[in-house]
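When a residue number appears, it is its place in the shown sequence, counting from 1.
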Amino acid sequence: MVTRIISAVVGIIVGVSILIIDNSYLYMAVIAFISAVGTRELINAVKCGKHKLMSWYCIISSAVLPFVICMDFFAPYRLTALFVYALGLLIIMLSRHKNIKFLEAAACGGAGLFIPLSLSSIIVIRYFYESQSIGVFMIVFMLFSAWFGDAGAYFAGTFLGKHKLCPEISPKKTVEGLIGGLVTVGVVVTIQCLAFNFLIQDKVTMNYFILIPVAIVGSAAGVLGDLTASVIKRQYEIKDFGNLMPGHGGVLDRFDSVLFTIPFMFIVFSYLSPIMQ
C-alpha cells in the first residue's frame, strides 16, 4: 500500500507540473511516451513481442502519431500517414510471413494506432478553446471523469458490493461499485465546475447540463475500457500489463479507462459546448 501511495503522489506531482507548464509540445511528448509504453505493453501482453521488427515499428509509430495528429503542419498529410503506417505493417508481415500471422499483425497494428489516437484527443480538446484556463480545465475534467470513477467504484464496491457486475471478466467488480463510481464522478465534476467558476474564471459559466451528464456517461464508457483490459489480461493469463508504476502496474493498467472515456468526450464536445458565454 505504501508503494502504491508513493507512486500515486509522484504521478500527481508530475501531472500537475505538466498542467502548470501547459505547453503543446510538452503535451505531445508526454502523450507520445505514454502511447509508446502502452503499445509495447499491449504487444507483449498478446505475446507478439517476439516479432522484434514488427513490434518496434508499431511502438515507434505510436510515438510519432501524436505529433502527426496534433501539429497543424501535418494536417494535409494525416490520411497519407495512416496509409503509410498500414502499408508498412503489411510489408513487414509479408516479408516475415513464415513467422508472423495476420492476427498478430492486426493486434500490433491496432495497438500502435488506437492508443495514440485515443490519447491525442486530450490535446485536441485542450486546444478547442482559446482560453488557457478553460483548456486546462477540460484536461482535468476528462481525467477526473475516468479516474474518480475508478476510485469511487473501488471504495463503493469494497464496502457495499454484493451483486457481481461481470463475474467471468472481472470478479471483483460489482453493480454497487459501478453506481458508486458514477455518483462519485458526478459529485467531483460538480465541485470542479463550481470551483472553476468562482475561483478562476467568472466570465463564462460552465454548462452543467452538458458537463455533468457527459462526465457520468464518460465514466461509464471508462468501465468498458477497464473490462476490455480485464478480458485481455484474462485471455493471456497476466496480472498486470507492466510495472512502470510500482503498486499500480503498467501504463495500460492506469489508462485503460481513459482510452475509452476520452474518445467519447471528443465526439460529444465536437458538437456540444461545455461552456456558456
Side-chain angles (χ1 to χ4, degrees), residues 1 4 7-8 11 34-35 37-48 103-104 106-108 110-111 113-115 117-119 121-122 141-189 212-268:
M1 180 60 72
R4 186 180 180 90
S7 181
I34 295 174
S35 297
V37 175
T39 299
R40 181 176 181 273
E41 289 177 351
L42 187 52
I43 287 174
N44 287 336
V46 298
K47 315 301 182 186
C48 289
L103 289 178
E104 293 175 320
C108 291
L113 180 61
F114 174 71
I115 294 175
L117 187 62
S118 176
L119 294 177
S121 300
I122 297 175
F141 171 83
M142 292 183 289
L143 295 178
F144 274 9
S145 298
W147 287 336
F148 272 99
D150 287 344
Y154 173 78
F155 287 107
T158 298
F159 295 104
L160 303 174
K162 293 182 179 179
H163 302 87
K164 299 296 184 182
L165 180 65
C166 298
E168 294 185 358
I169 297 176
S170 185
K172 293 183 179 181
K173 283 186 171 52
T174 63
V175 174
E176 292 81 4
L178 172 62
I179 295 173
L182 299 181
V183 171
T184 300
V185 167
V187 172
V188 168
V189 299
I212 296 174
V214 167
I216 293 173
V217 178
S219 180
V223 174
L224 297 179
D226 197 344
L227 291 174
T228 299
S230 296
V231 167
I232 294 173
K233 288 189 284 189
R234 184 169 291 275
Q235 288 182 346
Y236 289 92
E237 299 179 345
I238 58 174
K239 183 179 183 294
D240 295 317
F241 283 105
N243 55 9
L244 182 66
M245 303 173 67
H248 293 268
V251 163
L252 291 183
D253 294 295
R254 282 292 88 207
F255 284 84
D256 51 5
S257 56
V258 174
L259 289 173
F260 277 59
T261 298
I262 300 301
F264 167 77
M265 292 187 171
F266 172 80
I267 294 170
V268 172

- Note on the structure: dist Q235:CD -> K47:NZ (nearest 0.5 Å) comes out at 12.0 Å
- Identified side chain to side chain contact (heavy atoms under 4.5 Å, CB included) partner of T39 from the options L252, N44, I115, V251: I115
- Query: Heavy atoms, side chains only, cut-off 4.5 Å: are T174 and L165 in contact?
  - Reply: no
- Item | Separation of I262 CD1 from S257 OG (nearest 0.5 Å) | 9.0 Å
- Task: Please collect all salt bridge (charged side-chain N to carboxylate O under 4.0 Å, His left out) contacts where either partner lies in residues 153-172, sequence neighbours excluded, each pair once.
- Result: none
- Write down the atom of D253, the atom of D256, and the distance for their closest heavy-atom approach. O-OD1, 3.7 Å
- Query: Going from OG1 on T228 to CZ on F260, what distance comes out if it is rounded to the nearest 0.5 angstrom?
  - Reply: 3.5 Å
- Query: Which value, rounded to the nearest 0.5 Å, describes the distance between W147 atom CH2 and T261 atom OG1?
  - Reply: 10.5 Å
- Item | Pairs where residues 214-230 contributes a residue and the test salt bridge (charged side-chain N to carboxylate O under 4.0 Å, His left out) is met, not counting sequence neighbours | K173-D226
- Query: Parallel, tilted or perpendicular: which fits the ring planes of F148 and F144, with parallel below 30° and perpendicular above 60°?
  - Reply: perpendicular
- Is a side-chain donor or acceptor of E176 paired with a backbone partner of A156 at a separation under 3.5 angstrom? no
- Euclidean distance, Y236 OH relative to F241 CZ, rounded to 0.5 Å: 10.5 Å
- Query: About how many Å separate CG of L113 and SG of C108, when rounded to the nearest 0.5 Å?
  - Reply: 13.0 Å
